[in-house]
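In what follows, chains are A, B, ... by sequence order, proteins preceding strands, each numbered from 1. All values derive from a computational prediction rather than experimental measurement.
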Protein chains: 2
Amino acid sequence: MLLEHGYHGLGVQALLDAAHTPKGSFYHHFVDKEDFALQVVDQYMEQVHSALDLCLGDESLRPLKRIRRFFELTEESYGREGYLGCLLGGLGQELSGTNEVFRQKIEACFSQIADRTARCLDEAKQVGDLPAGSNPQAMANLLVDCWEGAALRSRLQGDPAPLNTMLDFYFHSAAGE
Amino acid sequence: MLLEHGYHGLGVQALLDAAHTPKGSFYHHFVDKEDFALQVVDQYMEQVHSALDLCLGDESLRPLKRIRRFFELTEESYGREGYLGCLLGGLGQELSGTNEVFRQKIEACFSQIADRTARCLDEAKQVGDLPAGSNPQAMANLLVDCWEGAALRSRLQGDPAPLNTMLDFYFHSAAGE
């Protein structure tokens, strides 16, 4: 609901109605809507890290294929939600202009994903699947950023095509797949 | 203010206060906040098309340089606003999950930018600056999408670096600059 409606567009009452939960329960678990949304982001990131563990830890694949598999899994999860894009991108766009807590939180999430991706890109470089002069950290941030733009366009179109086009381009061009 | 606060985060009263305008004037010009925001998007797109006219029409530059110049001009305008990213991306993320008018509006804006960019990429292909097998329409959409992701990261970091990294990557990798 947070991804679909956005932070300000989602009322606490609508949440309570959807969860068949009385208001007292909500405020027992969460200080306020901001606290709720920050905890949703934490849960979202737990899923992200699980998917990263699964994909980047799969040594049966070459390092670049592990990274691509992670983004393909992410695309599958977007699909289950009707291609509404990425919760991090949505909250980051909506809130980062005025809410420093969310700005730092969302930036930290992207940095975590980029850092783990960078370590795998570095492994690709070590085994010769990337040019020796590659900068894994810069390439990882670039991948996360381009992915977020493609996720927005996928949300606007309700279609996975922008995500696939972006991955094909990145792994073909930057990583020489 | 719409870019900084987001659509739902921006109250009409805050707008009136900033513009030193009475409420009656606002509702004389705009049916409601949605009408206001749609007209802001129209004005934003007038500026975008002017910048596209200026850059893509500059035949002293090779076609790919014209496109890069447009995105560099856009980056300069982001800088004047403190790197808050792109209004289209912000409204698209926040509203497209629940508001079909904005979803279609923002998608149409991106399509317009991509279509004009595609015509210039096609010119690059005709003069041999892109491989003969290139797909200008797909490359144009990809550029717009990756730009939007970089604009989000630029907003989160308050820094133009993600924009420059993305342009360097795109024009180096995809367009063989």
Side-chain angles (χ1 to χ4, degrees), chain A residues 1-10 82 84-86 88-99 102-104 106-111 114 135 138-139 141-158 161-163 165-166 168-170 172-176, chain B residues 1-10 82 84-86 88-99 102-104 106-111 114 135 138-139 141-158 161-163 165-166 168-170 172-176:
Chain A
M1 291 179 75
L2 199 51
L3 177 59
E4 183 179 357
H5 294 264
Y7 179 82
H8 286 114
L10 179 61
L84 288 170
C86 172
L88 303 176
L91 294 176
Q93 282 281 16
E94 181 180 354
L95 300 174
S96 60
T98 53
N99 186 316
F102 273 97
R103 188 193 68 73
Q104 290 187 17
I106 302 296
E107 172 58 23
C109 293
F110 285 139
S111 287
N135 180 338
M139 285 180 67
N141 276 305
L142 177 75
L143 175 56
V144 168
D145 294 355
C146 292
W147 176 262
E148 284 301 314
L152 165 63
R153 199 71 186 278
S154 165
R155 175 178 172 95
L156 288 170
Q157 300 182 345
L163 299 166
T165 301
M166 198 288 298
D168 286 345
F169 169 67
Y170 181 84
H172 180 77
S173 299
Chain B
M1 288 180 77
L2 199 52
L3 178 58
E4 183 179 357
H5 293 264
Y7 179 81
H8 286 114
L10 179 61
L84 287 170
C86 171
L88 302 175
L91 294 175
Q93 282 280 16
E94 181 180 354
L95 299 174
S96 61
T98 53
N99 186 316
F102 273 97
R103 188 192 67 73
Q104 290 188 19
I106 301 296
E107 172 57 23
C109 292
F110 285 140
S111 287
N135 180 337
M139 284 180 67
N141 276 305
L142 178 76
L143 175 56
V144 169
D145 294 356
C146 292
W147 176 260
E148 285 300 315
L152 165 62
R153 199 72 185 279
S154 165
R155 176 179 171 94
L156 289 169
Q157 299 182 345
L163 300 165
T165 301
M166 198 289 297
D168 285 345
F169 168 67
Y170 181 84
H172 179 76
S173 299

Could you tell me which non-hydrogen atom of A:I106 sits nearest to which non-hydrogen atom of B:L156, and how far apart they are?
CG2-CD1, 3.9 Å
Enter the distance from B:H5:NE2 to A:N99:CG here, rounded to the nearest 0.5 Å.
12.0 Å
Side chain, backbone, both or neither: which part of A:L84 has an atom under 4.5 Å from a heavy atom of chain B?
side chain
Is a donor on one side and an acceptor on the other found under 3.5 Å between the side chain of A:R153 and the backbone of B:D145?
no
For A:R155 and B:Q93, run side chain to side chain contact (heavy atoms under 4.5 Å, CB included): C-alpha distance rounded to whole Å, both residues' side-chain angles, the deciding distance at 0.1 Å, then the answer.
CA-CA 8 Å; A:R155 175 178 172 95; B:Q93 282 280 16; 3.8 Å; yes
For the interface with chain A, which of B:G149, B:P162, B:G90 has the highest count of heavy-atom pairs at distances below 4.5 Å?
B:G149
For A:Q157 and B:E107, which I'm curious about, is there any donor-acceptor pair between the side chains at under 3.5 Å?
yes
If you measure from CZ on B:F169 to CG on A:N141, what distance do you get to the nearest 0.5 Å?
13.0 Å
Among A:G92, A:G82, A:C86, A:A151, single out the residue with the greatest number of heavy-atom pairs under 4.5 Å to chain B.
A:G92
Contact winner vs chain A - B:G6, B:G9, B:G158, heavy-atom pairs under 4.5 Å:
B:G9
So NE2 of B:H8 and CG of A:L95: to nearest 0.5 Å the spacing works out to 12.0 Å
Which heavy-atom pair separates A:L142 from B:M166 by the least distance, and what is that distance?
CD1-CA, 3.7 Å
